[in-house]
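Take a look at the structure set out below.
The sequence lines fix the lettering, A, B, ..., with proteins before strands; numbering per chain opens at 1.
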Amino acid sequence: MLDIRFIRENPDLIKKAATAKRIEVDVDQLLSVDNHWRSATTEVERLKADQNAASKSIAKLAGDEKKAAIARMGEIKNRVKELGENVAELEKQRDALLLLVPQPADPEVPEGPDDTGNVEVKRWGEPRKFDFQPLDHQALGESLGIIDVERGAKLAGSRSYFLVGDGARLEWAVLMFAFNLIRERGFTPMIVPLLVRDEAMVGTGYFPGGEEQAYRVEKDAVNLVGTAEVSLTAYHMGETLAEADLPRLTAALSPCFRREAGTYGKDTRGIYRIHQFNKVEQVVVCRNDVEESKRWHLKILENSEAVMQAMNLPYRVVNVCTGDLGRGQAAKFDIETWMPGRNGYGETHSASRFYEFQARRLNLRYRDAQGNVKFCHTLNNTVIASPRVLIPILENYQNADGTVTIPTALRPYMGGQERIEKRK
RNA sequence: GGAGGGAUGGCCGAGCGGCUGAAGGCGACGGUCUUGAAAACCGUUAGGGCCCUCACGGGUUCUCGGGGGUUCGAAUCCCCCUCCCUCCGCCA
């Protein structure tokens, strides 16, 4: 959410920013409703001031004089009520529109229509040259007996899967490796609620707009999170922190749930795009300082690069273009990892910075050294998301005999095991 | 799931229809005192919105868990919701 005052003063900037992001928003409608709301507010408040003053004087009166004064108040009361309802209605309309206004992309974000406009900014590692015909993760997983998509679909529908034996163990290994790494880098490990109220979804910017992507438990009016970002970022929702408490660095290991509505037929092979996965997520809540936000953005990107480097997986970093940014993101870097089965890079991480966008919605603030209350800045990035990351691991580490070598960084989490062989 | 009790400012805690945006205490900050500090004393100490102002600041309104209602007037009365506590039941 943006400051309405900023929007009032810079409507054209907001319109341009929305166009660049390919997000439809009626700024003129918002400002018109806002204008009506402001004049109506001024009017009601004038009336209420009269009312409050009269009430005070009534307290001092007695007898007939008091009765007469009270009788006179009836009319003003009705007008206040009527106008007050109007103000409340306008405010509701305004707030609904305000939630749709996007955070403008930062100047260094490339302009572009969709992910084809993303700009590669870094490349690490060399894609492996195979001297045999490599398999993709699906074929590998099937032949090794560690990924079972067919049975997943049987009882849970498409985009569901089982990990079996060393597949399940590899998943836990990669998650624990990442969870430990991020802890060593100063992030407090957390286990978080996965079913959250609408407040948390709205606060982090997923609602309104993302309702179709979330599983909802209607009976209890809660939603399954698509990422622990929601719970971690909303952790201090409604609080005013002390500046000394910032930055807050947290990380969670959690299941994530996504309906993937509107993606029928896309990425249907294997476990690339699925309804349920596990992820270690890192979240930063810092002071209201653009330069500091940018520094943290690079830091959380580096944290995740360290994970991929430790596993020696080739990847590239892309600066996500305007058209591919979400409503709240000022800038985003994706890490795309080399996946031989796709003969290309596939997204494995997404590092976002929001400035105040989420903090305003969450009413997440801090008191600075001068005693001023300000909105925090928030950022987040994937540390590891699995089983998607099993794709590059299996595909890059496969051997001619059909086995898969386990990356050395993960072996301590698999009892020292060095390779995955066909399950007996 | 059933029966009760509760939610007040940074914290503790009083108030239980008008004199209360809120006593008192603690904490924090500023000052007096002191070579310095402590103690003592004095003072300051919530947030949001709207209007005026270049600004300093001023006016006004809202906020005592959240929403609605009663009333000329609500922290105080009524209803709904959320959360916390106690007891009973069920259960990983």
Side-chain angles (χ1 to χ4, degrees), chain A residues 1-10 30-99 101 191-203 216-223 231 234-246 248 255 288 356-376:
Chain A
M1 188 160 72
L2 302 186
D3 186 349
I4 182 71
R5 280 170 294 202
F6 181 82
I7 302 173
R8 279 174 200 149
E9 285 159 21
N10 305 279
L30 168 61
L31 291 180
S32 155
V33 171
D34 177 56
N35 246 319
H36 285 128
W37 172 78
R38 282 196 289 167
S39 52
T41 297
T42 307
E43 205 180 338
V44 182
E45 286 188 2
R46 217 180 346 245
L47 224 57
K48 279 189 175 173
D50 290 348
Q51 191 181 32
N52 288 342
S55 285
K56 276 210 169 83
S57 66
I58 284 175
K60 297 191 186 82
L61 301 175
D64 287 345
E65 219 178 347
K66 185 168 191 165
K67 276 190 183 136
I70 288 174
R72 263 181 272 126
M73 290 298 287
E75 192 171 332
I76 196 168
K77 185 192 173 186
N78 288 336
R79 284 193 59 206
V80 165
K81 186 173 179 180
E82 199 175 306
L83 284 168
E85 280 166 3
N86 187 33
V87 167
E89 175 57 30
L90 287 167
E91 198 168 318
K92 216 170 102 186
Q93 282 178 29
R94 186 199 62 164
D95 290 347
L97 287 165
L98 195 51
L99 285 177
V101 177
I191 297 292
V192 301
L194 305 180
L195 285 163
V196 302
R197 296 225 178 95
D198 289 345
E199 269 179 287
M201 298 298 280
V202 172
R216 181 171 176 81
V217 182
E218 194 55 56
K219 195 173 181 184
D220 296 295
V222 289
N223 312 280
S231 308
Y235 184 63
H236 288 296
M237 162 173 94
E239 299 180 26
T240 305
L241 305 173
E243 183 168 11
D245 293 336
L246 300 177
R248 300 280 312 189
N288 191 308
E356 301 178 348
F357 187 84
Q358 292 182 317
R360 274 186 181 277
R361 292 171 166 245
L362 291 164
N363 197 222
L364 167 55
R365 303 178 298 171
Y366 71 100
R367 195 179 296 276
D368 72 11
Q370 285 73 47
N372 300 312
V373 176
K374 292 178 172 170
F375 288 105
C376 299

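- If you check every strand for non-hydrogen atoms under 4.0 Å, A:R94 touches nothing.
- Remark: A:D198 pairs with A:R216 by the salt bridge (charged side-chain N to carboxylate O under 4.0 Å, His left out) rule, at least two apart or across chains.
- Residues passing the side chain to side chain contact (heavy atoms under 4.5 Å, CB included) test with A:K77 are A:Q51, sequence neighbours excluded.
- Each salt bridge (charged side-chain N to carboxylate O under 4.0 Å, His left out) pair with one or both residues in residues 41-56 of chain A, not counting sequence neighbours, would appear here, but there are none.
- B:rA23 and B:rA14 have their C1' atoms separated by 6 Å, given to the nearest Å.
- Using a 4.0 Å heavy-atom cutoff across all strands shown, A:A54 reaches no nucleic acid atom at all.
- Contact annotation for A:R46: no contact, since no heavy-atom pair falls under 4.0 Å across all strands.
- The partner of B:rA7 is B:rU82, by the rule that a Watson-Crick or G-U pair needs both atom distances under 3.5 Å.
- Between the P atoms of B:rG89 and B:rC83, the separation comes to 24 Å (whole Å).
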Are A:L98 and A:I7 close enough, and set up right, to give a side chain to side chain contact (heavy atoms under 4.5 Å, CB included), and what steps lead you there? CA-CA 9 Å; A:L98 195 51; A:I7 302 173; 3.4 Å; yes

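- Within the nucleic acid shown, A:R72 has no heavy atom closer than 4.0 Å to any nucleic acid atom.
- Comparing the C1' positions of B:rG21 and B:rC62 gives an interatomic distance of 11 Å, to the nearest angstrom.
- Remark: the separation of the P atoms in B:rC56 and B:rG47 is 16 Å, to the nearest Å.
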Can you give me every donor-acceptor pair (side chain of residues 81-96 of chain A, partner residue at least two apart or in another chain, under 3.5 Å) with its distance?
{"residue": "A:E89", "atom": "OE2", "partner": "A:Q93", "partner atom": "NE2", "Å": "3.1"}
{"residue": "A:E91", "atom": "OE1", "partner": "A:W37", "partner atom": "NE1", "Å": "3.1"}

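- Nucleotide B:rG27 forms a pair with B:rU45, judged by Watson-Crick or G-U wobble geometry with both contacts under 3.5 Å.
- Across the P atoms, B:rA28 and B:rA38 are found 11 Å apart, a figure rounded to whole Å.
- Counting non-hydrogen atoms under 4.0 angstrom, A:K66 reaches a base of the nucleic acid.
- The footprint of chain A on RNA chain B, defined by a heavy-atom cutoff below 4.0 Å, extends from B:rG18 to B:rC83.
- Within the structure, salt bridge (charged side-chain N to carboxylate O under 4.0 Å, His left out) contacts touching residues 361-372 of chain A (residues at least two apart or in different chains) are A:D368-A:K374.
- Nucleic acid contact for A:R8: sugar-phosphate only, since backbone atoms but no base atoms lie under 4.0 Å from a heavy atom of the residue.
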